[in-house]
Amino acid sequence: MNLTAVIDFETTGISPGGGDRATEVAIVLVEGGRVVDRFQSLMNAGVRIPGFITQLTGITNAMVAGAPDAAQVIGEASRFVGAAPLVAHNASFDRRFWQAELSHAGLAAPQPFICTLLLSRRLYPQAPSHKLGALVDYHGLARTGQAHRALADAEMAAGLLGQIQHDLRVRHRVARPDHALLMALQRCARAALGTLMARHADA
DNA sequence: TGCCAGGCCCTCTTTAGGGCCTT
């Protein structure tokens with residue numbers, strides 16, 4: 001399997017269209033089920049962090065004030081990712097901030113996104129919750145670092161991605177769960193899931 | 001002044017509504 005970049009943002013809120021900005025980004029590069037490199041940085045977008053966000057993430061205004069400029073950080077992050085497909089938990093959220101921060105920096109965002117939340121809903125409908133931490137516990141995966149910090153969440157999402165690929169290989173006999181299959185799975189209605197995986201298992 | 005996301009999924013549905021998930 002080729003290089004995959006698992007990404008997580010910490011932000012000032014949930015809506016880049018409403019003025020929210022990223023405060024931290026982390027990217028974990030995965031190849032062949034193994035973490036081969038990491039990128040993490042706080043980023044200063046010049047906006048205040050609401051108190052409840054600081055309570056959630058531990059990221060303070062003082063921490064961000066001393067961080068590099070957001071445009072500089074997102075440019076470095078983009079170069080780090082290159083052409084690798086991006087993976088995130090609830091990717092619609094991280095994709096919006098990825099596109100918004102790159103747009104602020106005058107850069108393009110051509111990478112496709114794969115969503116571990118959508119994949120988990122397809123593959124593990126019996127899981128009690130599909131929050132990232134709950135899925136990590138459900139699969140008995142390692143919790144790395146402080147939850148709601150970008151690198152820790154990116155590492156946990158990378159672990160979840162590895163579990164998904166393992167289950168596709170072992171349970172569904174998909175020899176090579178590549179990006180194209182993952183993209184197809186996350187778009188796939190649950191009723192058609194078995195047919196799709198059987199087709200790839202036979203291939 | 002009041003409001004403030006967006007994509008996906010499920011159900012009491014499909015010309016809709018509400019919950020989940022991300023910060």
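Letters go in sequence order (proteins before strands), and every chain restarts at 1. Heavy-atom basis, side chains included; hydrogens, waters and symmetry copies ignored.
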Under 3.5 Å, side-chain donor or acceptor atoms of residues 104-114 of chain A against the rest of the protein: list the pairs with distances, not counting sequence neighbours.
residue	atom	partner	partner atom	Å
A/Gln111	OE1	A/Trp98	NE1	3.2
A/Gln111	NE2	A/Gly82	O	2.9

Any salt bridge (charged side-chain N to carboxylate O under 4.0 Å, His left out) pairs touching residues 58-75 of chain A, not counting sequence neighbours?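 Output for this query is empty, none listed.
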Salt bridge (charged side-chain N to carboxylate O under 4.0 Å, His left out) contacts touching residues 88-98 of chain A (sequence neighbours left out):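 Sorted result for residues 88-98 of chain A: empty, none.
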For DNA chain B, which residues in [range] have a heavy atom at a distance below 4.0 Å?
range                       : answer
residues 58-78 of chain A   : none
residues 110-118 of chain A : A/Leu117, A/Leu118
residues 12-29 of chain A   : A/Gly13, A/Ile14, A/Ser15

Linking Ile, Leu, Val, Met, Phe, Trp and Tyr by side-chain heavy atoms under 4.5 Å, what else ends up with A/Val170?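 None, because no other hydrophobic side chain comes under 4.5 Å of this residue.
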What's the closest nucleotide to the A/His89 side chain, out of B/dC8, B/dC21, B/dT23?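 Of all the options, the side chain of A/His89 is nearest to B/dC21.
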Nearest to the side chain of A/Ser92, heavy atoms from C-beta on, is which of B/dC20, B/dG6, B/dT22?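 Per side-chain heavy atoms of A/Ser92, the pick is B/dG6.
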Can you list every pair that meets side-chain hydrogen bond (donor to acceptor under 3.5 Å, both in side chains) and has a residue in residues 152-161 of chain A, with sequence neighbours left out?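 Every side-chain hydrogen bond (donor to acceptor under 3.5 Å, both in side chains) pair that includes a residue of residues 152-161 of chain A, provided the two are not neighbours, is A/Arg38-A/Glu155.
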Listed partners of A/Arg143 passing salt bridge (Lys or Arg N to Asp or Glu O under 4.0 Å), at least two apart: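 Scan of A/Arg143 (salt bridge (Lys or Arg N to Asp or Glu O under 4.0 Å), adjacent residues dropped) gives A/Asp137.
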Which residues share a salt bridge (Lys or Arg N to Asp or Glu O under 4.0 Å) with A/Arg21, sequence neighbours left out: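 Once residues adjacent in sequence are excluded, the partners of A/Arg21 under the salt bridge (Lys or Arg N to Asp or Glu O under 4.0 Å) criterion are A/Glu101.
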Could you list the donor-acceptor pairs under 3.5 angstrom formed by side chains in residues 42-55 of chain A, with sequence neighbours left out?
residue	atom	partner	partner atom	Å
A/Asn44	OD1	A/Gly46	N	2.9
A/Thr54	OG1	A/Ile59	O	2.9

Check: A/Leu161 and A/Leu182 side chains under 4.5 Å, non-hydrogen atoms: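 A/Leu182 reaches A/Leu161 side chain to side chain.
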Please list every donor-acceptor pair under 3.5 Å in which a side-chain atom of residues 125-136 of chain A meets a protein atom from a residue at least two apart or in another chain.
residue	atom	partner	partner atom	Å
A/Gln126	NE2	A/Tyr138	OH	2.9
A/Ser129	OG	A/Lys131	N	3.1
A/His130	NE2	A/Tyr124	O	2.9

